[in-house]
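First the structure, in the form of structure tokens, and then the observations on it.
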Amino acid sequence: MSKKLTKRGEDYSKWYNELVVKADLAENSGVRGMMVIKPYGYAIWEKMQAELDRMFKETGHENAYFPLLIPKSYFNKEASHDDGFAKECAVVTHYRLKTSEDGKEIIVDENAKLEEELIIRPTSETIIWDSFRKWIQSYRDLPLLINQWSNVVRWEMRTRLFLRTAEFLWQEGHTAHETKNEALEEALKMQGVYADFAENFMAMPVIKGEKTENERFAGALSTYTIEALMQDGKALQAGTSHFLGQNFAKAFDVKYTTNEGKQEFVWATSWGVSTRLMGALVMTHSDDFGLVLPPKLAPIQLVIVPIYKSDEQLEAINEKVEKMMVELKAKGVSVKYDKRTTHKPGWKFAEYELKGVPLRIAIGPRDLENNTIELARRDILSKEIVSQENIAEKVKTLLEKIQDNLFNKALDFRNNLITEVDNFEEFKEVLKDKGGFISAHWDGTSETEDQIKNLTKATIRCIPLDTKDEEGICVFTGNKSSRRVLFAKAY
RNA sequence: CGGGGUGUAGCGUAGCCCGGUUAUCGCGCCACGUUUGGGACGUGGAGGCCGCAGGUUCGAAUCCUGCCACCCCGACCA
């Protein structure tokens with residue numbers, strides 16, 4: 001079995017690529033930049049989806065589905081949106097293939113050229129707002145709170161499994177509101193939902209903040225973000241929520257009648273998270289032995305491996321384990337009993353470690369005699385012999401402990417990598433030697449941000465929401481600044 | 001799209017400069033046997049249009065030309 005992983009310290013990027021493939025999460029496909037999400041990886045995504053979907057519905061949203069293809073003309077109705085995405089759109093130009101003259105290959109039928117080209121959605125604002133126009137007449141139709149689970153295509157130059165793929169899965173929320181304030185509140189509320197999900201389910205601490213103009217979504221008036229920090233000290237934008245003002249309402253002519261009989265444009269938001277979260281999950285917790293999954297998102301929370309010499313022993317173990325399984329399942333633990341005879345225990349141990357299963361029970365002849373089991377934790381790689389009494393309760397408690405431990409560990413790591421810096425020399429040093437977030441004063445101009453980016457590759461990840469006013473001078477220009485922002489190199 | 005590199009079995013590779021029997025080795029796969037508390041061992045076996053298309057030659061994985069794909073470094077990005 002050549003499943004030896006590259007160590008994180010040797011080459012973080014290589015470690016990540018190998019881990020995603022070896023843990024059976026995803027692989028590259030025959031289509032440039034597009035991945036195959038394998039069953040184990042998809043199972044994790046499904047858990048994320050289920051939880052997020054529940055949270056969206058709890059906050060009043062409904063799911064709907066809009067077309068994959070968008071008429072090109074819709075696209076340039078909102079100018080900045082068009083600018084932002086035009087460079088990375090896949091375009092459908094024909095609707096039929098035919099056999100070539102020599103009968104050897106299938107070619108595009110030039111007679112089947114579309115009147116108007118169709119864009120494969122890079123995001124769905126335009127096609128959704130075309131529908132919203134028909135759905136919204138009166139203030140009584142508002143707010144309109146819609147979410148869509150879908151795939152989108154963005155023709156990226158350089159791709160990496162989960163982190164940046166030419167096609168990815170995501171959800172996109174699109175809402176319309178009567179007032180500016182209500183829309184702003186919605187955008188912030190959804191940022192909160194994302195932060196809650198990241199921290200309480202992914203066990204990934206995030207910083208809530210607002211994007212600067214440079215980093216803002218194409219077509220948005222403000223973009224709220226949750227920013228996470230990966231183990232190599234680079235930041236990852238994990239989710240965004242946009243306040244779109246009336247831009248799309250005006251572009252698609254979406255007006256409503258107020259209770260005073262006046263015509264007004266609606267106010268909008270959109271927000272999304274994608275399969276990129278899978279990459280974030282991997283890079284937040286995993287180690288040199290493989291994936292480490294937080295129990296709340298692990299498809300298998302506990303695996304049981306039998307150890308035996310004879311068929312009789314295996315049968316005795318089976319009997320014991322079947323009883324345990326009933327107890328465990330009753331407590332809601334997702335448990336797998338791997339009694340395959342085709343692999344040895346040592347092989348299974350290594351395999352489930354690689355796949356990040358939070359807890360493992362090994363049970364063999366010795367345990368049958370002593371009424372014990374061996375219980376192993378993935379997060380800290382510990383093993384202990386415990387009594388079989390109350391096993392479900394113990395497992396349940398441990399799973400919660402692991403979930404907390406992963407979050408706290410990631411939080412400590414993140415907090416240690418936020419450095420306050422007051423001059424540009426120090427800025428460059430910290431960025432080079434330590435990495436992570438740099439908290440520094442900035443004069444608020446795009447020019448300064450651009451120059452810093454060109455010199456250091458660091459960008460402003462966000463203006464943290466909880467930032468306090470503090471007089472200072474810009475780390476680059478020395479101009480006045482009233483608060484610190486967070487810089488980092490980002491994925 | 002610029003600069004560099006690589007294509008040989010499912011995966012990783014040797015051979016290529018300097019053309020010459022049946023294309024090397026490891027992992028994985030299949031069968032049988034022995035094994036099973038941290039990735040077992042033995043014996044046997046299957047699997048290749050050497051990226052594609054041309055050319056040079058008695059003879060091409062090897063030399064030449066063109067094309068394609070992928071990887072790395074830049075510009076672009078959730």
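Computed from a predicted model, the values in this text were never measured in an experiment.
Here B:A14 sits opposite no nucleotide as a Watson-Crick or G-U wobble pair (both hydrogen-bonding atom distances under 3.5 Å). Remark: B:U24 base-pairs with no nucleotide in the shown strands. Criterion, Watson-Crick or G-U wobble with two distances under 3.5 Å. Base pairing of B:G37 is not made with any nucleotide, judged by Watson-Crick or G-U wobble geometry with both donor-acceptor distances under 3.5 Å. Pairing for B:C63 goes to B:G55, judged as Watson-Crick or G-U wobble with the two contacts each under 3.5 Å. Nucleotide B:C32 forms a pair with B:G42, judged by Watson-Crick or G-U wobble geometry with both contacts under 3.5 Å. With both pairing distances under 3.5 Å, B:G19 is matched to nothing as a Watson-Crick or G-U wobble pair. Remark: B:C70 base-pairs with B:G5. Criterion, Watson-Crick or G-U wobble with two distances under 3.5 Å.
Cation-pi geometry between A:Lys77 and A:Tyr74 is satisfied (NZ or CZ under 6.0 Å from the ring centre, within 45° of the ring normal).
Using a 4.0 Å heavy-atom distance criterion, A:Leu163 is classed as a base contact. Within 4.0 Å of A:Phe168, counting heavy atoms only, lies at least one base atom of the nucleic acid. Across all strands shown, A:Thr165 has heavy atoms under 4.0 Å from base atoms, whether or not it also approaches the sugar-phosphate.
Using a cutoff of 4.0 Å between basic side-chain nitrogens and carboxylate oxygens, A:Arg8 and A:Asp288 are scored as salt-bridged.
Comparing the C1' positions of B:A53 and B:G45 gives an interatomic distance of 36 Å, to the nearest angstrom. Using P as the reference atom, B:C41 and B:U35 are 15 Å apart when rounded to the nearest Å. B:A75 and B:G39 are spaced 44 Å apart, taking the C1' atom of each and rounding to whole Å. Look at the C1' atom in both B:G19 and B:U62: the space between them is 6 Å, to the nearest Å. For the P atoms, the distance linking B:G48 with B:A40 amounts to 29 Å, nearest Å. Taking atom P in both B:G10 and B:G55, one finds a spacing of 28 Å when rounded to whole Å. With both ends at atom C1', the span from B:U13 to B:G4 equals 22 Å, rounded to whole Å. For B:G66 and B:C49, the P atoms lie 26 Å apart once the distance is rounded to whole Å.
In the interface, the side chain of A:Lys383 is paired with the base of B:G38 through a donor and an acceptor atom under 3.5 Å apart.
Atoms CD (A:Glu27) and P (B:G10) sit 14 Å apart, rounded to a whole Å. Per the geometry, CD belonging to A:Glu215 stands 11 Å off C1' belonging to B:A78, to the nearest Å. For the pair A:Lys87 NZ and B:C76 P, the interatomic distance rounds to 9 Å; values are reported in whole Å. Between A:Met278 atom CE and B:A78 atom C1' there is a gap of 15 Å when expressed in whole angstrom units. Between the P atom of B:C11 and the CG atom of A:Asn17 lies a distance of 17 Å, rounded to the nearest Å. Between the CD atom of A:Glu156 and the P atom of B:A78 there is a distance of 8 Å, given to the nearest Å. Per the geometry, CG belonging to A:Asn28 stands 6 Å off P belonging to B:C71, to the nearest Å. Atom CD in A:Glu88 sits roughly 16 Å away from atom C1' in B:C1 (whole-Å rounding).
Checked against B:G37, B:G74, B:C76, the side chain of A:Pro345 finds its nearest nucleotide in B:G37. Closest to the A:Arg154 side chain, of the nucleotides B:A78, B:A40, B:G38, is B:A78. Looking at the side chain of A:Lys344, the nearest of the listed nucleotides B:A78, B:U35, B:G38 is B:U35. Closest approach to the A:Glu351 side chain among B:G38, B:G39, B:C76 is made by B:G39 (side chain taken as heavy atoms from C-beta onward). The side chain of A:Ala350 sits closest to B:G38 out of B:G38, B:A78, B:G37. When distances are taken from the side chain of A:Ser274 to each of B:G38, B:U36, B:A78, the shortest belongs to B:A78. The side chain of A:Asp367 approaches B:G37 more closely than any other nucleotide in the set B:C76, B:G37, B:G38.
Of the two residues contacting RNA chain B, namely A:Ile307 and A:Thr240, the nearest-nucleotide position lying further toward the 5' end is that of A:Ile307. The residue among A:Arg160 and A:Gln237 whose nearest nucleotide of RNA chain B is located toward the 5' end is A:Arg160.
Taking CD from A:Glu167 and CD1 from A:Ile37, the interatomic distance works out to 8.0 Å, rounded to the nearest 0.5 Å. Atom OG of A:Ser387 sits about 8.0 Å away from atom CG of A:Asn390, to the nearest 0.5 Å. With values rounded to the nearest 0.5 angstrom, A:Leu291 atom CG is found 4.0 Å from A:Ser286 atom OG.
Under the 6.0 Å cut-off for aromatic ring centres, A:Phe487 and A:Phe427 qualify, their centroids lying closer than that.
Applying the 6.0 Å contact sphere to CD of A:Glu319 captures no more than 12 heavy atoms from other residues, nucleotides or ligands.
When A:Trp155, A:Phe75, A:Phe217 are each tested for a ring-ring contact (aromatic ring centres under 6.0 Å, His included) with A:Phe85, only one passes: A:Phe217.
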